[in-house]
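This report concerns only the one structure given below.
In each ligand, atom 1 is the first atom listed, and ligand 1 is the first ligand listed.
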Amino acid sequence: MHSPASDDLERVIYTREQIDKRTSELGAEISADYASGDVVLITILRGGLIFLADLSRQVSIPHTFDVVGAASYGPRTESSGQVHITKDVEVPLRGRDIILVEDIYDTGRTLRVVRDLLHVHDPRSLEICALLVKDRPRIQEMSIKYVGFTVPDVFVVGYGLDYNEQYRHLDCIGVLKPEIYT
Ligand code: IMP
Ligand code: MG
């Protein structure tokens, strides 16, 4: 028998209720800012999926969404430094208002590469919404218009974020027990 994945957490940083509340605030802000826009929410596989699904349903104005694929982290908790695009967008972006929705802004490498990719599609505007912003020095400084929460420089999992592809399904965001990765 497996024990629940949540047993591997040392502590919870944000509960489902806190995430939902913040997501609905962000959705309201986006809906007001883009009242006359032609909005496409775009997230990065796979970490941003859960946040995109919830954020989209809190954005009340008409909009569409799509996903891009990017891989940066290997099996460990440190960025490999290389970001590969594994899947491009499929909806047309030319002349539209793009919001790049990301799970976490860490070193900034992934956002930088994906933002540059999206610019090639010639959108009218391009802003970033990150559920979490890690409080750490950046390799690529990016301007994030919509920030969910600022978190300390610790490795977090849950609500889309993984360790070795596990824990994405947890409905809270938390810190793993150190024995899990040693
Ligand atoms: P960056 O390119 O260093 O900014 O890293 C961005 C990607 O690394 C995110 O989209 C996440 O998939 C992953 N990542 C960064 N920090 C964490 C973390 O604390 N937990 C889980 N994944 C993380
Ligand atoms: Mg990841």
- [ ] Take D54 and Y159 through the side-chain hydrogen bond (donor to acceptor under 3.5 Å, both in side chains) test and state the conclusion after the steps.
- [x] CA-CA 10 Å; D54 285 340; Y159 199 73; 2.6 Å; yes
Under 4.0 Å to a heavy atom of [X] - the qualifying atoms of ligand 1, by number:
| X | answer |
| --- | --- |
| D103 | 9 (C), 10 (O), 11 (C), 12 (O) |
| T107 | 1 (P), 2 (O), 3 (O), 4 (O) |
| D106 | 1 (P), 3 (O), 4 (O), 5 (O), 15 (C), 16 (N) |
| V154 | 19 (O) |
| D162 | 21 (C) |
| E102 | 9 (C), 10 (O) |

- [ ] Kindly assign one of parallel, tilted or perpendicular to the pair Y163 and F155, based on the angle between their ring planes and the thresholds 30° and 60°.
- [x] perpendicular
Open item on the list: Polar contacts were defined as any N/O atom of the residue lying under 3.5 Å from an N/O atom of the ligand; does this apply to V156 and ligand 1?
Closed with: yes
Open item on the list: Polar contacts were defined as any N/O atom of the residue lying under 3.5 Å from an N/O atom of the ligand; does this apply to G108 and ligand 1?
Closed with: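 Such a contact does occur with ligand 1.
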Open item on the list: Could you work out, for atom 9 (C) of ligand 1, the closest of I104, D153, L161 by heavy-atom distance?
Closed with: I104
TODO: Under the salt bridge (Lys or Arg N to Asp or Glu O under 4.0 Å) rule, collect the residues that match up with D20, sequence neighbours excluded.
DONE: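 Salt bridge (Lys or Arg N to Asp or Glu O under 4.0 Å) list for D20, sorted by chain: R16.
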- [ ] Take every heavy atom of K134, measure it against each atom of ligand 1, and state whether any distance is under 4.0 Å.
- [x]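 A heavy atom of K134 does come that close to ligand 1.
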Open item on the list: As a quick check of understanding, evaluate side-chain hydrogen bond (donor to acceptor under 3.5 Å, both in side chains) for H63 and D38, giving each step before the final call.
Closed with: CA-CA 7 Å; H63 65 279; D38 176 15; over 6 Å; no
Open item on the list: Please check: side-chain N/O of H84 versus main-chain N/O of Q82, any donor-acceptor pairing under 3.5 Å?
Closed with: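 Pair absent, no side-chain N/O of H84 close to backbone of Q82.
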- [ ] Can you see which heavy atom on V39 is nearest to which on R96, and at what distance?
- [x]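 Nearest heavy atoms, V39 then R96: O-NH2, 4.4 Å.
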TODO: With sequence neighbours excluded, give me every salt bridge (charged side-chain N to carboxylate O under 4.0 Å, His left out) pair touching residues 169-182.
DONE: none
